[in-house]
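Proteins come first, then strands; the chains are lettered A, B, ... in the order of their sequence lines, and each starts at number 1.
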There are 2 protein chains.
Amino acid sequence: MTLAGTSRPSAPRQLAAGVGNSNDQTRRHNLSTILTMLHHGGAQTRAQLTRRSGLNRSTIGALVTELADLGLAYETEPHDSGLVGRPSPIVHANEKVVAITVNPDVDAITIGVVGLGAELHKRIRFETASVPTVREAVNVVTAVVAGMQSELEAQFRVVGVGIAIPGLVNSNDGTVLLAPHLGWHDESVAGPMGDALGYPARAANDAGLATVAESLFGSGRGVSDLVYLNGSASGIGGGVLVGGSMLRGAEGFAGELGHTLVNSAGIRCHCGKVGCLETEVNLGRLLAVLGRDSLELDELDALLVPTDPAVTATPADQLTPDVRAEVDRQLDVLALAIGNFISVFNPESFVLGGFLGSLFAVNPERLRAAVKSVSFGTLGDSVRIDRAQLRSRLLTIGAAELAFAELLADPAGTSF
Amino acid sequence: MTLAGTSRPSAPRQLAAGVGNSNDQTRRHNLSTILTMLHHGGAQTRAQLTRRSGLNRSTIGALVTELADLGLAYETEPHDSGLVGRPSPIVHANEKVVAITVNPDVDAITIGVVGLGAELHKRIRFETASVPTVREAVNVVTAVVAGMQSELEAQFRVVGVGIAIPGLVNSNDGTVLLAPHLGWHDESVAGPMGDALGYPARAANDAGLATVAESLFGSGRGVSDLVYLNGSASGIGGGVLVGGSMLRGAEGFAGELGHTLVNSAGIRCHCGKVGCLETEVNLGRLLAVLGRDSLELDELDALLVPTDPAVTATPADQLTPDVRAEVDRQLDVLALAIGNFISVFNPESFVLGGFLGSLFAVNPERLRAAVKSVSFGTLGDSVRIDRAQLRSRLLTIGAAELAFAELLADPAGTSF
DNA sequence: TCCCTTTGTTGACCTTTGAAACATATACCG
DNA sequence: CGGTATATGTTTCAAAGGTCAACAAAGGGA
């Protein structure tokens, strides 16, 4: 029914299937499988799909035809592969099938249009005078989408809306339990947004979506067990990929990695605990030693990170001792947290985003060495640590994934 | 293909299916589903299987017949249910289909015979003069099994061997990376054991197996997101159930929950880190204030835990102030760790085993209150905390699950 | 140009499930 | 006590999916 089988260890891992019916269910699962392969793995030949799925040539032919009929995929002329044998046509996920993404922040709301294959068609950043309320966010998005309506109708097929929220979200019903920086508290977001736009909408925590995005299209490609840690002005968020799927927890609040203990003698965190990672590894403290009020990430990189890629660590003389000391302190604390996560998750790799990425880039070797020294036994030796790749596209692509989820699970389902 | 479907939310969650072929694969999956339901959910009527699986009456009939033909299930006369309609026969997993379980410890090796449905047929505790080596363990088990051979052949069908190891195990190949208390280091265990016994053998970490056992047959029944913490003389082990399946990690070493930070000013742990949970919450410290060298768990309970079940906390005058203070300190530290795990996993419940269970039973309300006060926001309010139920059967049943895994995944596969 | 390799296409075949009709066994009710 | 309603097992048959084998197509290599 799926791709991955005991007899075919190289095939990608797939999601669980649904209920009884063989006919319907089998086909649904295989359609889902193929479309997901195209979306996450990019365009590929029918022959590749055949090999990777473990399904029969004939079946792949039928499935691709059905996906094409559904308008979800299309085929193009074969490449000049140079190999013997009949050339195999290239199958593409239809990038005109799009998700609308919404990313509310304290000073702006970013709206995106993302196609299958993570194709970023369009992005609009709408600056707000003040921190938006839910109602304001809905209004802004409705207005922006209304402005694009004719273009959307003419060129695209919208399958849904994905909303990335910087806070605690119950992703089952799209309710925000608490988004401290937005001041949102116990509010339904996905419901009103979906009603206003006329498309099904889903909301989830931004760090979790970022994890998904990096794991599918960024530094974590091909990795099924990874921990993503993102540092922003508002704190440290994270997400955990376990066996290829997001760690959600009973209520969908798992992965609050910024709120784990790193210093018993630390200060009290806004979350109520003491010595949380996000109180110790903190952009504010970094800015303080840099003598700055605020900073864009690119500026931070320019200030801290060695420009010569051959140089792994910034020469000490480029940074003042204060800055150097603070960076090192934060790296060491971060290592402590990573050491904890290694004991707990034994992941294949860590991906660091936001200012954690900059911090890491200042001196990757210090962090790697520190992680080794504070890890359970030798577990820290084999773990990979990378900087996030997607940067500004991260949340937009992550949110799109949320909107695509239903389509990918059942491509022939309720017609979009 | 499975049980759980969007249209049938109450159906149990199932594992992912295998590769392409519909015919073979569909049947395999459904057989697996039904046998798993019988094994984990106990004997039930065909009508119940029909409802819970979402499959058709006819299909269930065929599947049950096939399982019966395979010798994995049998039917008995219907109960006098008192309901209208034709009575439905009761289907049982065949408890004569057994796993041999092995649980090596510092002073003894426990060997068990466990049938489907977690039926404990037999258990033998073989005391060893000294800490056994792998070779000695294999010899002991071989001898014990040889002694039971005629009985096994006459009454049972052995499908495999499950070995629970107190240490780091690569459960893919059954190799022990490190079992400090046994002094085992980088040794293959499942291989030699399986060869000696002539059955397929698998090995895994004991705490992980305990987690599985409690989640299926103990305090965690029906819970798909739980954290299990076990305290023994050798430290604190744990396991995490995520969405119904064990958190394994990239190399199978996830869940070393005893080695997460709880006190930055703590002592160095044997694992190389500082301030680990298992150095702070520790049976040795408890024994020290009790003035004892060693203690069986039952004795500990008798000393600490209120006998009257209506009393939630031991009256202060039953414990000396020293003991009381140490118990409270350990409970508070444990709460800190649980608070961390809540941030990370957002589980539905925690299950506490070993001396952690006793500690909890001394004063459940103190732990619950402390957890609330050190949890991320209100996440600590809804989490359930229970004491483990399976006690002495825990590891035997957990290890059996390991041996049953292959059979459950493909009941009609390679004939056992 | 001919052969080989690989892949798409087509139709026959096998397997599985589900649905319907029928059979069976119990409770309920007068 | 017998008829009716209800629920479930059983049997038969149709629908649907996938595989397989044979054939066709398209390119490389000699």
Assign the ring pair A:His92 / A:Tyr74 to parallel, tilted or perpendicular, where the plane angle (0 to 90°) is split at 30° and 60°.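 It falls in the parallel class, under 30°.
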Has [X] got a side-chain N or O lying under 4.0 Å from the OP1 or OP2 atom of [N]?
X	N	answer
B:Ser88	D:dA7	no
A:Asn30	D:dG18	yes
A:Arg28	D:dG17	no
A:Arg46	C:dT7	no

Can you tell which of [options] lies closest to the side chain of [X]?
X	options	value
B:Ala47	D:dT8, D:dT19, C:dA19	D:dT8
A:Arg57	D:dT19, C:dT9, D:dA26	C:dT9
B:Arg86	D:dC20, C:dT17, C:dA23	C:dA23
B:Val84	C:dA27, D:dG18, C:dT7	C:dA27

Looking at [Y], is its backbone amide N or carbonyl O close enough to the side chain of [X] to form a donor-acceptor pair, meaning the two atoms are under 3.5 Å apart?
X	Y	value
B:Thr101	B:Ala400	no
A:Thr50	A:Arg46	yes
B:Asp225	B:Glu348	no

Check the distance between [N]'s [atom2] and [X]'s [atom1] and give it to me in whole angstrom.
X	N	atom1	atom2	answer
B:Asp80	C:dA25	CG	C1'	12 Å
A:Gln25	D:dG18	CD	P	12 Å
A:Glu77	C:dG8	CD	P	13 Å
B:Arg27	D:dT19	CZ	P	18 Å
B:Leu55	C:dA19	CG	P	11 Å
A:Gln48	C:dT6	CD	P	15 Å

Any carboxylate oxygen within less than 4.0 angstrom of a Lys/Arg side-chain nitrogen, looking at B:Lys96 and B:Glu119?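 No salt bridge links B:Lys96 with B:Glu119.
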Using a strict threshold of under 4.0 Å (side-chain N to carboxylate O), is an ion pair present between A:Glu406 and A:Arg202?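 No.
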Do A:Glu151 and A:His121 pair up side chain to side chain, a donor and an acceptor below 3.5 Å, judged on atom types alone?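 Absent: no donor and acceptor within the cut-off.
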Interface residues of residues 58-66 of chain A with DNA chain D (non-hydrogen, below 4.0 angstrom):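 Within this stretch, A:Ser58, A:Thr59 sit under 4.0 Å of the strand.
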Report the residue (B:Asn56 or A:Pro87) whose heavy-atom-nearest nucleotide on DNA chain C is the more 5′ of the two.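 Taking each residue's closest nucleotide, the earlier one in sequence belongs to A:Pro87.
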Sugar-phosphate only, base, or nothing, as touched by A:Pro89 at under 4.0 Å among non-hydrogen atoms: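 Sugar-phosphate only.
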